[in-house]
Amino acid sequence: MIVNEAGASVYSASKLASEEFPKFDVGQRSAASIARRLQDPLAELVKIDPKSIGVGQYQHDMNQKKLGESLNGVVEDCVNKVGVDLNTASAPLLSYISGISGTVAKNIVAYREENGRFSDRRELLKVPKLGPKAFEQCAGFMRITEGKNPLDGTGVHPESYEAVEKLLERQGYAPEDVARHNLTGLSLSIKDYKSLAEELGVGEITLRDIVKELEKPARDPRDEMPRPILRTDVLEMKDLKEGMILKGTVRNVIDFGVFVDIGVHQDGLVHISQITDRYIKHPLEAVSVGDIVGVKVMSVDLKKKRIQLTMRGIS
């Protein structure tokens, strides 16, 4: 597997890394962090200031407070959309969840270490400084796999459990079917959402969200995204040959081109003139960060560690 190592050196020298791995040197901490990224990228990347991952050409010229707020907002949105596993999440990851402060996040981890794994979302109310209001905000984003209630492993909020149980009973399902992923045809069996929502005592939009979640409980948004196809015979710069066609992921978009990760240690540059056959003023008109693109190697300079790529004429 090839794992993006951006920001790993920043993490390895941080206070958090020394707390997590007190007996490791900087190199070992960095290696452990990269290995963890393969297991759970989001849980590991939240430990690094987003600015340290490299987010653009002129990031240091911007108002740093506004940039920090904007980037943290994106991380927060991402964490809340995906949710976290309550029994494995670290304190930095938990602190991004709505209603959870840094202190409460540490208290959750301490409670877990003292009392063992959580088996029910309502156990969160036993955590010091986590009151009913905070529970109301955070509960829907906390996931418990193989807990007492199968609904704890979904994004359904505990407030809606009663309505969900009525819905399952009405449609001929049991709560256990949620964990077994047996509800893929649930939306097709509902003919009138409006009247069903009234019957269950929830809003129509809430009902649609519940059905979507029950059909694909704890779904990973990345499952629907295209995966980069990296060649096993190309692992280092010296393996690259002129004319070679590869697939890669766009890592950075700047005024004069884009940098593409093709599975070697150095990202390759596609100059703006090589992105498309038509005229464009800025690369963002054709590509954006995260896109999977086809590229051809134009030149490789091993001494200067430069890779020139083109996207023109690649289908």
Side-chain angles (χ1 to χ4, degrees), residues 1-8 37 41-42 45 48-64 66-78 81-82 219-302 304-315:
M1 286 297 296
I2 296 166
V3 182
N4 187 347
E5 62 182 3
R37 283 186 193 192
L42 185 63
L45 288 168
I48 303 164
D49 180 353
K51 285 181 280 189
S52 303
I53 298 171
V55 287
Q57 192 180 2
Y58 307 115
Q59 67 188 70
H60 303 295
D61 300 339
M62 296 177 70
N63 179 314
Q64 293 300 293
K66 282 186 180 174
L67 177 66
E69 283 170 3
S70 181
L71 291 172
N72 284 330
V74 173
V75 176
E76 205 167 288
D77 185 48
C78 187
K81 190 175 180 181
V82 175
R219 67 189 179 283
D220 188 330
R222 293 171 302 168
D223 289 343
E224 289 152 25
M225 294 170 74
R227 289 173 171 79
I229 301 156
L230 301 172
R231 287 170 55 159
T232 50
D233 59 334
V234 178
L235 298 174
E236 294 178 56
M237 273 185 73
K238 61 181 174 57
D239 299 329
L240 295 171
K241 304 277 185 292
E242 278 183 38
M244 201 176 253
I245 293 174
L246 303 153
K247 284 266 186 208
T249 308
V250 175
R251 290 286 173 217
N252 207 344
V253 179
I254 47 180
D255 288 354
F256 58 84
V258 296
F259 284 99
V260 179
D261 180 358
I262 51 173
V264 297
H265 293 289
Q266 190 69 35
D267 290 350
L269 172 67
V270 181
H271 189 266
I272 187 169
S273 62
Q274 295 296 330
I275 292 174
T276 177
D277 292 325
R278 63 187 167 87
Y279 171 75
I280 51 172
K281 283 186 177 178
H282 196 278
L284 282 171
E285 291 174 40
V287 288
S288 55
V289 172
D291 284 355
I292 308 294
V293 294
V295 292
K296 184 159 78 174
V297 179
M298 289 173 72
S299 67
V300 181
D301 188 332
L302 291 171
K304 291 182 179 175
K305 290 194 171 179
R306 285 183 187 162
I307 305 165
Q308 288 281 353
L309 304 168
T310 179
M311 286 164 58
R312 292 175 67 171
I314 313 286
S315 56

Practice item. Taking the side chain as every heavy atom from C-beta outward, state whether R37 and L45 have any pair of such atoms under 4.5 Å apart. Key: yes
Exercise for review: Considering non-hydrogen atoms only, spot the tightest contact between I262 and G248 and give its length.
Suggested key: CG2-CA, 4.2 Å
Review point. Is the number of heavy atoms from other residues, nucleotides or ligands under 6.0 Å of E285 CD greater than 12?
Key: yes
Study note, to complete from the structure: Separation between CE (M298) and CD (E242), nearest 0.5 Å, reads 9.0 Å
Check your understanding: Between L309 and Q274, which heavy-atom pair has the shortest distance, and what is it?
Key -> O-CB, 4.0 Å
Review point. Do C78 and L42 come within less than 4.5 Å of each other through their side chains, counting heavy atoms only?
Key: yes
Practice item. Apply side chain to side chain contact (heavy atoms under 4.5 Å, CB included) to the pair V258 and D291, showing each step before the final yes or no. Key: CA-CA 11 Å; V258 296; D291 284 355; over 6 Å; no
Point to revise | Exercise: identify the closest heavy-atom pair between V264 and D261 | key: O-OD1, 4.2 Å
Review point. Looking at CG of D277 and CE of M311, how far apart are the two atoms once the value is rounded to the nearest 0.5 Å?
Key: 10.5 Å
Review point. Where do L240 and V234 land on the side chain to side chain contact (heavy atoms under 4.5 Å, CB included) test, with the steps shown first?
Key: CA-CA 7 Å; L240 295 171; V234 178; 3.5 Å; yes
Review point. Closest approach of I272 and P283, non-hydrogen atoms and distance?
Key: CD1-CD, 3.7 Å
Review point. Counting heavy atoms not belonging to R306, are there more than 12 under 6.0 Å from its CZ?
Key: no
**Study point:** Within-4.5 Å side-chain heavy-atom neighbours: L302 and V300
**Key:** yes
Point to revise | Minimum heavy-atom distance between A286 and I275, given as atom pair plus value | key: CB-CG2, 3.7 Å
Revision key, fill the gap. In terms of heavy-atom contacts, V75 and P50 come closest through CG2-CG, 4.0 Å
Check your understanding: So does H265 have more than 12 non-hydrogen atoms from other groups sitting under 6.0 Å from NE2?
Key -> no
**Study point:** S273 backbone acceptor or donor facing R312 side chain under 3.5 Å
**Key:** yes
Point to revise | Separation of I307 CD1 from L269 CG (nearest 0.5 Å) | key: 10.0 Å
Revision key, fill the gap. Output for pair (I254 CD1, H282 NE2), nearest 0.5 Å, gives 8.5 Å
Check your understanding: With a 4.5 Å limit on heavy-atom distance, are the side chains of V250 and S288 in contact?
Key -> no
Review point. Under 4.5 Å between any side-chain heavy atoms of E236 and D239, yes or no?
Key: yes
Exercise for review: Calculate, to the nearest 0.5 Å, the distance between atoms NE2 and OG1 belonging to H271 and T310 respectively.
Suggested key: 11.5 Å
Exercise for review: State, with a plain yes or no, whether a side-chain heavy atom of R251 is found less than 4.5 Å away from one of T249.
Suggested key: yes
